[in-house]
Amino acid sequence: MDIKKKLKKKAYVVKDKCVACGTCVKVCPRGAIKIIEGVFAEVDENKCIGCTICAKECPASIIEMVAKKEVVVDVK
Amino acid sequence: MSNKRKKKWNDYLYFVSILYLILGVFNILFAWLGLLCFSIPLIISLSGGGKLYCNNYCGRGQLLYLLGKKFNLSRNKPMPNFMKSKYFRYGFLSFFMIMFGNMLFNTYLVFSGINSLNEVVTLLWTFKLPWGWVNTSFVPPGVAQFAFGFYSVMLTSTILGLVTMVLYKPRSWCIYCPMGTMTHGISTIKYNNKIKNI
Ligand code: SF4
Ligand code: SF4
Ligand code: SF4
């Protein structure tokens, strides 16, 4: 069995540019985003599946997809 | 996607936004109701609720999203950087508040009898639409004048919201919406004080 390590992308909010409008929270299919005290949005990396929907919908375009977690993939 | 969120009552508040604009056509005095969507967000954020209004209860934001996304009216392009900057957002808020103060002053002039009632709705602070088909004589002229002024503010901001919805992303208005900027400002001050005190 050949084991490969792959970087999985996760959404990341550039906090100081976020206006906490909540668009990303509404569109995330996994409920992975929370607004913290009306100041900025925060992504729960454990819930995020890297679908990029939030990044496309954020009106400020400040959600970046960042390679975060290493996932081990089996390659037969 | 299969795990779509179930719709709740507050997912239909865009209806309220549409109704508000329609009611104002039938009778301008309904414009007074708009004070609710000025005061509620401020009360919420002042009492520590952050941007709960924007996040859950604003019909305007929902309406823009619906039109841009579901009706495909938006180009879905990123906004220009300057429009997202603090200078623009707070600059627009200041301009908005100055024009709001101006509107209140006009209301005062009519209230105190210095000016007579002017039955127009002013779009984008410039274009005057005659709006004199409603009988408002059963209320003092000042009360009616405020309604005309307030409806102008609401209609103008709706139009700006629609234009940026089409040009950029559906909810672009939410980046420079004066209510959003104010509630975000209040929440940020509260948040910064909180972390300072820890
Ligand atoms: S959509 Fe963008 S601006 Fe709005 S809360 Fe999410 S990250 Fe912030
Ligand atoms: S990338 Fe997808 S799953 Fe991750 S936070 Fe954004 S919308 Fe949610
Ligand atoms: S920013 Fe303005 S339009 Fe957007 S959700 Fe908040 S109050 Fe509504």
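Chain letters run A, B, ... following the sequence lines, proteins first and then strands; every chain starts at 1.
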Please check: side-chain N/O of [X] versus main-chain N/O of [Y], any donor-acceptor pairing under 3.5 Å?
X: B:N55; Y: A:A20; value: yes
X: B:K169; Y: A:K56; value: yes
X: B:H184; Y: A:C21; value: no

Between B:V143 and B:F26, is there a shared hydrophobic cluster once you connect ILVMFWY residues whose side-chain heavy atoms come closer than 4.5 Å?
-> yes

If two hydrophobic side chains count as joined below 4.5 Å and joins carry through other members, does B:F92 share a cluster with B:L162?
-> yes

Where do B:S187 and A:V39 come nearest, in terms of heavy atoms and distance?
-> O-CG2, 3.6 Å

Identify the two heavy atoms, one from A:S61 and one from B:P78, that lie closest to each other, and give their separation to 0.1 Å.
-> OG-CB, 3.6 Å

Please determine, among B:M83, B:K69, B:K86, B:M79, the option with the most heavy-atom pairs under 4.5 Å with chain A.
-> B:K69

Under 4.5 Å between any side-chain heavy atoms of A:K26 and B:Y65, yes or no?
-> no

May I ask you to test the A:V19-B:Y176 pair for a side-chain heavy-atom distance under 4.5 Å?
-> no

Tell me, for B:T188 versus chain A, whether the close heavy atoms (under 4.5 Å) come from the side chain, the backbone, both or neither.
-> both

Here the gap from A:C18 atom SG to B:K84 atom NZ, rounded to the nearest 0.5 Å, amounts to 12.0 Å

Pairing of B:K194 and A:E37 as salt bridge, 4.0 angstrom limit = yes

